[in-house]
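Shown next, in structure tokens, is the structure this report addresses.
Every chain is numbered from 1, with letters handed out A, B, ... down the list of sequences.
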Number of protein chains: 2
Amino acid sequence: MSGDAQISRLKPGRRTNIRRENERAILDAAEKVFAEAGFGGATMQLIADMAGLPKANLHYYFATKEDLYRKVVQQIFEIWLDAASSFDDAPGPVEGIGAYIDAKMDISRTHPHGSKVWASEVMHGAPVIQDYLETTLRDWTNGRIAVIQRWIDEGKMRPVNPRHLLYMLWATTQHYADFGHQIQTLNNGKPLSDKQWEEAKASVKDMVLRGIGAI
Amino acid sequence: MSGDAQISRLKPGRRTNIRRENERAILDAAEKVFAEAGFGGATMQLIADMAGLPKANLHYYFATKEDLYRKVVQQIFEIWLDAASSFDDAPGPVEGIGAYIDAKMDISRTHPHGSKVWASEVMHGAPVIQDYLETTLRDWTNGRIAVIQRWIDEGKMRPVNPRHLLYMLWATTQHYADFGHQIQTLNNGKPLSDKQWEEAKASVKDMVLRGIGAI
DNA sequence: CTTCACCTTGACCATACGGTCAGGAAATGA
DNA sequence: TCATTTCCTGACCGTATGGTCAAGGTGAAG
């Protein structure tokens with residue numbers, strides 16, 4: 001890739017650039033391989049080939065396979081939390097939950113690999129991100145539960161269990177990434193089109209928002 | 001060994017019994033190990049230890065790791081389809097979908113390992129059960145879509161997209177198994193109690209059935 | 001040009017894994 | 001009793017994998 005004319009003049013220098021670009025290539029390749037083969041099934045050789053680097057070079061940037069995997073999971077967690085902001089600054093559930101569903105459905109489409117890695121990590125007992133679950137995720141969850149409860153108290157939606165509503169949101173939106181292969185198979189082997197994705201988002205929002213009495 | 005007076009054990013044939021019992025022990029251990037470590041991360045040695053048998057004995061009953069894995073997945077698929085019958089013979093969505101949610105939530109609680117193996121298999125592109133997806137699952141899905149459409153035509157529920165309703169049902173119910181660890185962490189590290197499971201089932205049914213206008 | 005910090009990589013190593021096999025034990029039937 | 005089938009298992013093997021290392025390349029600063 002060219003066009004780094006202005007980037008090459010950055011203060012950290014060319015060297016730092018090489019590092020950043022290689023780390024990015026490796027992380028992108030790793031995310032895909034970990035998603036498709038699982039941690040145990042992924043090999044450093046495969047990731048190296050996909051990143052276009054010799055295997056020994058991976059170990060120059062990432063000490064161990066676990067280290068690389070940890071970085072991939074953390075990266076996903078960042079994206080994950082960004083979508084969370086859709087929830088905030090919303091006057092009510094229609095806007096807040098609606099935007100959250102939109103954001104998470106978009107992530108399922110644009111970052112299916114990341115979603116799968118996250119799912120796999122949690123399914124295997126969250127060996128590397130357990131602390132995140134117990135701190136960041138727990139805090140975020142409790143915060144959103146409070147927001148939902150406030151909406152309920154304000155009569156903007158029915159009195160549903162906020163926690164199970166969140167689980168339903170996570171489950172349903174991530175399903176389109178994690179079980180994308182199954183969905184594609186049931187769609188005559190073809191990926192969902194732009195139109196079908198809009199239909200999916202609309203369906204999910206419609207059923208959820210009506211389910212909680214926000215419409 | 002002391003000579004027990006139990007004759008009942010010999011009735012169906014001792015040989016067949018030994019085979020059946022060992023195959024069961026191996027399959028149970030394999031389901032758990034595959035769920036917790038993934039196919040690539042699982043080792044025959046670990047499965048053997050958990051089943052209480054020497055590794056070489058596994059290969060006496062199951063030729064290869066793939067063969068054992070395939071049997072585990074098929075076994076899950078059977079349980080899966082059994083719950084599907086909840087859908088049939090129902091006069092309307094409240095009974096049909098309500099019973100289906102109950103059945104799938106129960107499976108998530110009693111067979112969490114199986115659910116995870118299934119999820120992992122699909123996430124990795126369904127390498128061994130692709131044919132099931134294209135035949136049995138596709139047929140079942142189309143059949144249920146027809147049932148849901150009939151209910152819609154009969155005015156028993158709102159005109160939602162039946163396909164996305166099914167995806168939501170699968171996603172939400174299986175989430176309690178696949179992401180059970182996350183749910184447990186957010187539940188102060190403790191598994192959901194009987195009461196909490198009832199609350200979960202009630203919440204899901206409530207939100208879904210209202211979401212489709214069946215209540 | 002020299003220096004020096006950073007980057008690159010082929011070759012190599014120890015280990016762990018899936019799978020094999022031969023020989024023996026135990027159950028069954030004649 | 002003996003013969004036959006089924007079951008059991010320690011020891012072994014080839015391979016693939018994660019990881020190491022030493023030697024060499026590269027570019028910018030002095």
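- Remark: nothing in residues 28-39 of chain B comes within less than 4.0 Å of DNA chain D through any heavy atom.
- Distance B:I26 CD1 to D:dT9 P: 11 Å, rounded to the nearest Å.
- By the side-chain contact (heavy atoms from CB on, under 4.5 Å) test, A:A171 pairs with B:A171, B:H175, sequence neighbours left out.
- Partners of A:W80 according to the ring-ring contact (aromatic ring centres under 6.0 Å, His included) rule, which considers only residues two or more places apart in sequence or in another chain, are A:W118, A:W170.
- Pairs of residues two or more places apart, or lying in two chains, that qualify as salt bridge (charged side-chain N to carboxylate O under 4.0 Å, His left out) and include a residue from residues 135-150 of chain A are A:D88-A:R144, A:R150-A:E154.
- Residues in residues 47-57 of chain A take part in these side chain to side chain donor-acceptor pair (under 3.5 Å) pairs, two or more places apart or across chains: A:Q45-A:D49.
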Quick one: side chains of residues 123-135 of chain A, donor-acceptor pairs under 3.5 Å with protein atoms, not counting sequence neighbours, listed by atom name and distance.
residue	atom	partner	partner atom	Å
A:H124	ND1	A:S120	O	3.4
A:H124	ND1	B:A35	O	3.4
A:Q130	OE1	B:H181	NE2	2.5
A:Q130	NE2	A:E134	OE2	2.8
A:Q130	NE2	B:T185	OG1	3.3
A:Y132	OH	A:Q74	NE2	3.3
A:T135	OG1	A:D131	O	2.7

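- Between B:R19 and D:dC7 there is a side-chain N or O to OP1 or OP2 distance below 4.0 Å.
- At a non-hydrogen distance threshold of 4.0 Å, A:P54, A:A56, A:N57, A:Y60, A:Y61 from residues 45-70 of chain A come into contact with DNA chain C.
- In this pair, A:F87 and A:W151 present their aromatic rings parallel. The plane angle is below 30°, not in the 30 to 60° band.
- Close to C:dA27, at under 4.0 Å from its OP1 or OP2, lies no side-chain N or O of B:N17.
- One atom, CD of B:E21, and another, P of C:dA27, lie 13 Å apart when rounded to the nearest Å.
- Closest contact between the side chain of B:I18 and the listed nucleotides C:dC17, D:dG18, D:dC7 involves D:dC7.
- Every residue two or more places apart in sequence or in another chain that forms a salt bridge (Lys or Arg N to Asp or Glu O under 4.0 Å) with B:E23 is listed here: B:R19.
- Counting only residues at least two apart or on different chains, the salt bridge (charged side-chain N to carboxylate O under 4.0 Å, His left out) pairs with a member in residues 98-120 of chain A are A:D102-A:K201, A:D102-A:K205, A:D106-A:K201, A:R109-A:D194.
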